[in-house]
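Everything numeric in this text was worked out from a predicted model, so none of it was measured.
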Amino acid sequence: MSQNDFILKLLNITDTNIKIIDCINQNHCFEVRAKLTYAPFNCPNCGFNMIKYGFKSTKHFLLSLNGKAIRLNLKRQRFLCNNCHTTTLSHSPQLLAGKNVTVALNNSIVQLAKDSLTIKEISKIVGVSATTVSRSLYENVTFRQSAKVLPINLCFDEFRSTGSDMSFICCDADNDHKLVGLLSNRLNKSITEFFLNKYSKQERQLVRTITLDLNAQYQTIVHHLFPNAEIIVDRFHIVQLVSRALDKARLLATSGLNHFSREYKVLKSEWKIFHIKESSLNAADSKYYRGLGEYSTQQNIVDLGLNQSDDFKHSYEAYQSVLEAIRNNDIDALSKAITHYKRNGSPMDIAMNTLKKNLSYVLNSSRYSYSNGPLEGINRKIKALKRGCFGFKNQMHFFMRIQLIRA
């Protein structure tokens, strides 16, 4: 194998028509001088044979090697048609027409963007400027607002995009979790127009389930757009609702207590123990708790806190009943915990009243196995991308990057 072939392999150039002339190690980059030529072909305009007509030098960016930028100074063969006097330039599959970025470099930029790297980080890795990376990325990636086929199980949610704007996001609830819709806002009008314009009535009638949080806005949209779909309230949001109500009731129970009392220390410092499943509390092994300042068991801590306030005890029992029913997918127990709840003026009243208003949708969380977990995972990646890139000014660029990390 010749030295020319070794250099081509090292630079990931597979076109045999490219011949290496010289390699120059400069301070800022490594320059590779090469020639691209092959036999003349027929004129694309008139069909007559063309002749060789000198060379034209063009410069291209190659993938960096060992952290150093590589520039390809390529002498490309020109061809002339004696019949219509048309001139053309030799081309290679390695090159992009009208651009100085090679195909390999462009593919590498797109792949690094899928890994949620920033524009500046990508530019350092591939050895080109940030402007070149941005231009190559956003010119070659097309934003697709909707999926071609509407899945039968969907997840609805929103996320903060640019500035203070909240954007709507929708994905497939089944195995592939592909993005279905990505809108610049979460207004009823925009979401309704999106599904009406993108999908026919027959397609929307096939949708069976839609998983969402306790947002009443989305419930109205679902009834209008998907008449045959069942609404499922996400299990995480149900537990989150009653969990926050429990914390509010716990803080109310600390009012009026001496800050140095054992009851206050338990309710204030060891709050995580009150969120543990009641059947999982350890009543045998003692452990030193720094907030309490003594050895105790989890069961003793819970008993000490519940004995302090009857209202807090009532909220704790309601929280545990909902948590137990959801973990066991017990529809009857969940319905009983919500409908038989007795109001006592605590913050838990508001949470249980909200669940009661959406009782049929809440019970569907135990009837079906779907949740908003896939969409929450996508939102987690979106937040990581936004944080790593220090935010986005251009919303369309942001959506294109989201599409890439989900590709």
Quick one: pull up [atom1] in [X] and [atom2] in [Y] and give me the separation to the nearest 0.5 Å.
X: Cys170; Y: Asp157; atom1: SG; atom2: CG; value: 10.0 Å
X: Lys178; Y: Ile378; atom1: NZ; atom2: CD1; value: 12.0 Å
X: Ile119; Y: Ser136; atom1: CD1; atom2: OG; value: 9.5 Å
X: Ile238; Y: Leu214; atom1: CD1; atom2: CG; value: 6.5 Å
X: Thr58; Y: Lys56; atom1: OG1; atom2: NZ; value: 8.0 Å
X: Ser164; Y: Arg160; atom1: OG; atom2: CZ; value: 6.5 Å

>> My understanding is that only one of Leu105, Leu36, Thr14, Thr102 makes a side-chain contact (heavy atoms from CB on, under 4.5 Å) with Gln94; could you say which?
In response: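 It is Thr14; the other options fail the test.
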
>> As a test of understanding, state which of Val103, Leu74, Asp15 forms a side-chain contact (heavy atoms from CB on, under 4.5 Å) with Leu95.
In response: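 That would be Leu74.
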
What's the shortest heavy-atom distance between [X] and [Y], and which atoms?
X: Ala325; Y: Ser366; result: O-OG, 4.5 Å
X: Ala34; Y: Ile18; result: CB-CG2, 3.9 Å
X: Pro40; Y: Met50; result: CB-O, 2.9 Å
X: Val207; Y: Leu150; result: CG2-CD2, 3.7 Å
X: Ser161; Y: Gln395; result: OG-NE2, 3.1 Å
X: Ser371; Y: Cys155; result: O-SG, 3.5 Å

Hey, does the side chain of [X] reach the backbone of [Y] with a donor-acceptor pair shorter than 3.5 angstrom?
X: Asn372; Y: Asp234; answer: no
X: Arg204; Y: Leu225; answer: yes
X: Arg76; Y: Leu89; answer: no
X: Ser108; Y: Ala104; answer: no
X: Thr192; Y: Lys189; answer: no
X: Ser321; Y: Ala318; answer: yes
X: Tyr38; Y: His91; answer: yes
X: Ser255; Y: Leu252; answer: yes

Can you tell me if [atom1] on [X] sees more than 12 non-hydrogen neighbours from other groups inside 6.0 Å?
X: Lys342; atom1: NZ; answer: no
X: Asn282; atom1: CG; answer: yes
X: Lys52; atom1: NZ; answer: yes
X: Lys68; atom1: NZ; answer: yes
X: Ile350; atom1: CD1; answer: no
X: Phe390; atom1: CZ; answer: no

Donor + acceptor pair across side chains of [X], [Y] (<3.5 Å):
X: Asn328; Y: Glu324; result: yes
X: Ser309; Y: Asp311; result: no
X: Tyr341; Y: Asp349; result: yes
X: Gln219; Y: Asn358; result: yes
X: Ser90; Y: Gln77; result: no
X: Asn153; Y: Tyr370; result: yes

> What about the rings of Tyr319 and Phe274, do their centers lie closer together than 6.0 Å?
Replying inline: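 Between Tyr319 and Phe274, the centre distance exceeds or equals 6.0 Å.
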
> Do Phe79 and Tyr53 pass the ring pair (Phe, Tyr, Trp, His ring centres under 6.0 Å) test, and can you show the C-alpha distance, the side-chain angles, and the key distance before you say yes or no?
Replying inline: CA-CA 5 Å; Phe79 299 100; Tyr53 190 63; over 10 Å; no

> Checking side-chain contact (heavy atoms from CB on, under 4.5 Å) for the pair Ser116/Lys381: CA distance, chi angles, key distance, verdict?
Replying inline: CA-CA 8 Å; Ser116 300; Lys381 289 185 176 182; 5.8 Å; no

> Under a 4.0 Å N-O cut-off, is there an ion pair linking Asp247 with Arg244?
Replying inline: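 No.
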
Mutual orientation of the aromatic rings belonging to [X] and [Y] [parallel < 30°, tilted 30-60°, perpendicular > 60°]:
X: Phe398; Y: Phe392; answer: parallel
X: His275; Y: Trp271; answer: perpendicular
X: Phe143; Y: Phe399; answer: tilted
X: Tyr218; Y: Phe156; answer: perpendicular

>> Go through it in stages, so that I can follow the logic: the residues are Val222 and Tyr361, the test is side-chain contact (heavy atoms from CB on, under 4.5 Å), and I'd like the CA-CA distance, side-chain angles, deciding distance and then a yes or no.
In response: CA-CA 12 Å; Val222 168; Tyr361 309 145; over 6 Å; no

> Between Phe55 and Lys35, is there a cation-pi geometry (under 6.0 Å to ring centre, at most 45° from the normal)?
Replying inline: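 The answer is yes; both the distance and angle limits are met.
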
> Does a side-chain heavy-atom distance below 4.5 Å link Asp213 with Glu158?
Replying inline: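 Touching, per the 4.5 Å side-chain cut-off.
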
>> With heavy-atom distances below 4.5 Å as the criterion, would you say the side chains of Val133 and Lys120 are in contact?
In response: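 In short, these two side chains do not touch, never coming nearer than 4.5 Å.
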
> When Asn73 is tested against each of Lys59, Glu31, Arg33 for side chain to side chain donor-acceptor pair (under 3.5 Å), which residue passes?
Replying inline: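 Among the candidates, only Glu31 passes.
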
> Can you list the steps and then say if Leu137 with Leu404 is a side-chain contact (heavy atoms from CB on, under 4.5 Å)?
Replying inline: CA-CA 10 Å; Leu137 182 63; Leu404 283 175; 3.6 Å; yes

> Where do Leu212 and Leu154 land on the side-chain contact (heavy atoms from CB on, under 4.5 Å) test, with the steps shown first?
Replying inline: CA-CA 9 Å; Leu212 38 79; Leu154 299 172; over 6 Å; no

>> Determine whether Arg367 and Glu230 satisfy the following criterion, salt bridge (Lys or Arg N to Asp or Glu O under 4.0 Å), listing intermediate values before the conclusion.
In response: CA-CA 11 Å; Arg367 290 193 181 99; Glu230 288 283 349; over 6 Å; no

